[in-house]
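Contents: one structure, followed by commentary.
Here the structure is a predicted model, which means the values were calculated and not measured. Counting starts at 1 for both ligands and their atoms, in listed order.
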Amino acid sequence: MPNKKLCAGAVIVAAGRGARMNTDINKQYIEIAEKPILARTVEVFESCRHIDEIVLVVNESDIIYCKQNIVDMCGAVKVKTIVSGGEERQASVYNGLCEIDKACDVVVIHDGARPFVTHKIISDSIEAADRYGASCVAVAVKDTIKAGDKEGFISSTLERSVLWSVQTPQSFRYRLIMDAHIKAAEEGFYGTDDAVLVERLGVRTRLVMGSYENIKITTQEDLVAGEAIVRSREARHRKE
Ligand SMILES: Nc1ccn([C@@H]2O[C@H](COP(=O)(O)OP(=O)(O)OP(=O)(O)O)[C@@H](O)[C@H]2O)c(=O)n1
Ligand SMILES: C[C@](O)(CO)[C@H](O)COP(=O)(O)O
């Protein structure tokens, strides 16, 4: 991290439906090793010294539940506000951005459903955003990736050495990400992450090394993987 003190605000989006998880409760509140997924995510940001404030974005009907059962339970004093999300992830991020202090140098956007992010990843992401304007955490693709056609046949094989599997956090200078979101909304463009909105402005986004543990909890198998990650981290800590 540079020596100067940056102001960094985090937007944590947790206002999805969790349809692919196929459970009665919203996936953000499912427990992995006896702790709700969203509580795990909030705790990492709360305890990260580079984060000054947190805006949480959840479903309208979950705001009170989230305040009492996640924010208060974690003693998360950096959570400035909890706002409701939109129909798509992009709209949820925008609602969160609108609550971030305009004096913040950098905004860190993160999925509530990625509880295994680390302080090092967050700090590398902020540092790169401060230096280059935009940064995106990612890991190198391990599989061979092919494109398929409408008939169900392979149409091409992509060059793996240039492919990255993109994660969050994605961090940006405050004004840049606001402008990118406003332009996308005006033009009716919808992207599945935030970096693509900045790419559309012609701004280069710096890739930052993520972790294969920084998974997004999306389907039932991810809960099993999540339990394994917690246990292996506990075992690592015991050895240290
Ligand atoms: N309208 C939305 C959609 C998604 N998200 C958040 O964006 C993150 C990444 O989305 P994903 O994992 O795809 O979550 P869901 O949209 O909830 O999943 P699904 O597509 O299975 O419904 C999650 O933390 C999710 O809560 C959000 O805040 N608002
Ligand atoms: C932002 C993201 O987590 C990067 O991998 C991802 O694009 C979210 O997409 P989803 O369609 O909401 O799963």
(request) Output the list of atoms in ligand 1 that are nearer than 4.0 Å to some heavy atom of E87, sorted by atom number. (result) 1 (N)
(message) Donor-acceptor check, side chain of R233 to backbone of F116, threshold 3.5 angstrom: yes or no?
(response) yes
(message) Are more than 12 heavy atoms, taken from residues, nucleotides or ligands other than E187, located less than 6.0 Å from that residue's CD atom?
(response) yes
(message) Need the ligand 1 atom indices (1-based, order shown) with element for anything under 4.0 Å from a heavy-atom of A19.
(response) 19 (P), 21 (O), 22 (O)
(request) Give a yes or no answer on whether the side chain of E99 reaches the backbone of V11 with a donor-acceptor pair at less than 3.5 Å. (result) no
(request) Answer with yes or no whether the side chains of N22 and Q220 bring together a donor and an acceptor at under 3.5 Å. (result) no
(request) May I ask you to say whether K35 pairs ionically with E43, meaning some side-chain N is under 4.0 Å from a carboxylate O? (result) yes
(request) Please identify which atoms of ligand 1 are closer than 4.0 Å to at least one heavy atom of E88. (result) 1 (N), 2 (C)
(request) For atom 24 (O) of ligand 1, grab the closest protein heavy atom and report residue, atom and distance to one decimal in Å. (result) V13 O, 2.9 Å
(request) Return a yes/no value for G86: is any of its N or O atoms, backbone included, closer than 3.5 angstrom to an N or O of ligand 1? (result) yes
(message) Quick test of your reading of the model: are E53 and K80 salt-bridged, counting only N-O distances below 4.0 Å?
(response) yes
(message) Holding to salt bridge (Lys or Arg N to Asp or Glu O under 4.0 Å), I want the full list of residues that pass it with K216, two or more places apart in sequence or in another chain.
(response) none
(message) Can you report which non-hydrogen protein atom sits closest to atom 26 (O) of ligand 1, along with the distance?
(response) Q28 NE2, 2.7 Å
(message) Give me the nearest non-hydrogen protein atom to atom 17 (O) of ligand 1 as residue plus atom name, then the distance to 0.1 Å.
(response) G18 N, 2.7 Å
(request) Pull out every atom of ligand 1 sitting under 4.0 Å from any heavy atom of S92, numbered as shown with elements. (result) 1 (N), 2 (C), 27 (C), 28 (O), 29 (N)
(request) For atom 12 (O) of ligand 1, find the nearest protein heavy atom and state the residue, atom name and distance (0.1 Å precision). (result) K27 NZ, 2.7 Å
(request) For Y190 and R89, run side-chain contact (heavy atoms from CB on, under 4.5 Å): C-alpha distance rounded to whole Å, both residues' side-chain angles, the deciding distance at 0.1 Å, then the answer. (result) CA-CA 9 Å; Y190 170 73; R89 182 184 179 281; 4.2 Å; yes
(message) For atom 28 (O) of ligand 1, what's the nearest protein heavy-atom neighbour? Residue, atom name and distance, please.
(response) A15 N, 2.8 Å
(request) Give me the ring orientation class for H110 and F45: parallel if the planes are under 30° apart, tilted from 30 to 60°, perpendicular past 60°. (result) tilted
(message) Show me which atoms of ligand 1 lie under 4.0 Å from any heavy atom of K216.
(response) 9 (C), 11 (P), 12 (O), 13 (O)
(message) Quick check: closest heavy atoms across V230 and A33, and the distance to 0.1 Å?
(response) CG1-CB, 3.7 Å
(request) Return the residue, atom name and 0.1 Å-rounded distance of the protein heavy atom closest to atom 20 (O) of ligand 1. (result) R20 NH2, 3.0 Å
(message) I'd like to know if the side chain of D130 and the backbone of I126 have a donor-acceptor N/O pair within less than 3.5 Å.
(response) no
(request) May I ask you to identify the nearest protein heavy atom to atom 8 (C) of ligand 1, giving residue, atom name and distance to one decimal place in Å? (result) D111 OD1, 3.4 Å
(message) Between D72 and K67, does any side-chain N to carboxylate O distance fall below 4.0 Å?
(response) yes
(request) Go through ligand 1 atom by atom and flag the ones less than 4.0 Å from a non-hydrogen atom of A113. (result) 24 (O)
(request) Among all protein heavy atoms, pick the one closest to atom 4 (C) of ligand 1 and tell me residue, atom and distance. (result) G16 CA, 3.5 Å
What are the atom names and distances for all N or O pairs under 3.5 Å between ligand 2 and the protein?
from, atom 1, to, atom 2, distance (Å)
ligand 2, 3 (O), D111, OD2, 2.6
ligand 2, 3 (O), R114, NH2, 2.9
ligand 2, 5 (O), R114, NH2, 3.0
ligand 2, 5 (O), V166, O, 2.7
ligand 2, 7 (O), T192, O, 2.8
ligand 2, 13 (O), R20, NH2, 3.1
ligand 2, 13 (O), K216, NZ, 2.7

(request) Say whether V117 and V58 are linked into one hydrophobic cluster, either directly or through other cluster members, by side-chain heavy-atom distances under 4.5 angstrom. (result) yes
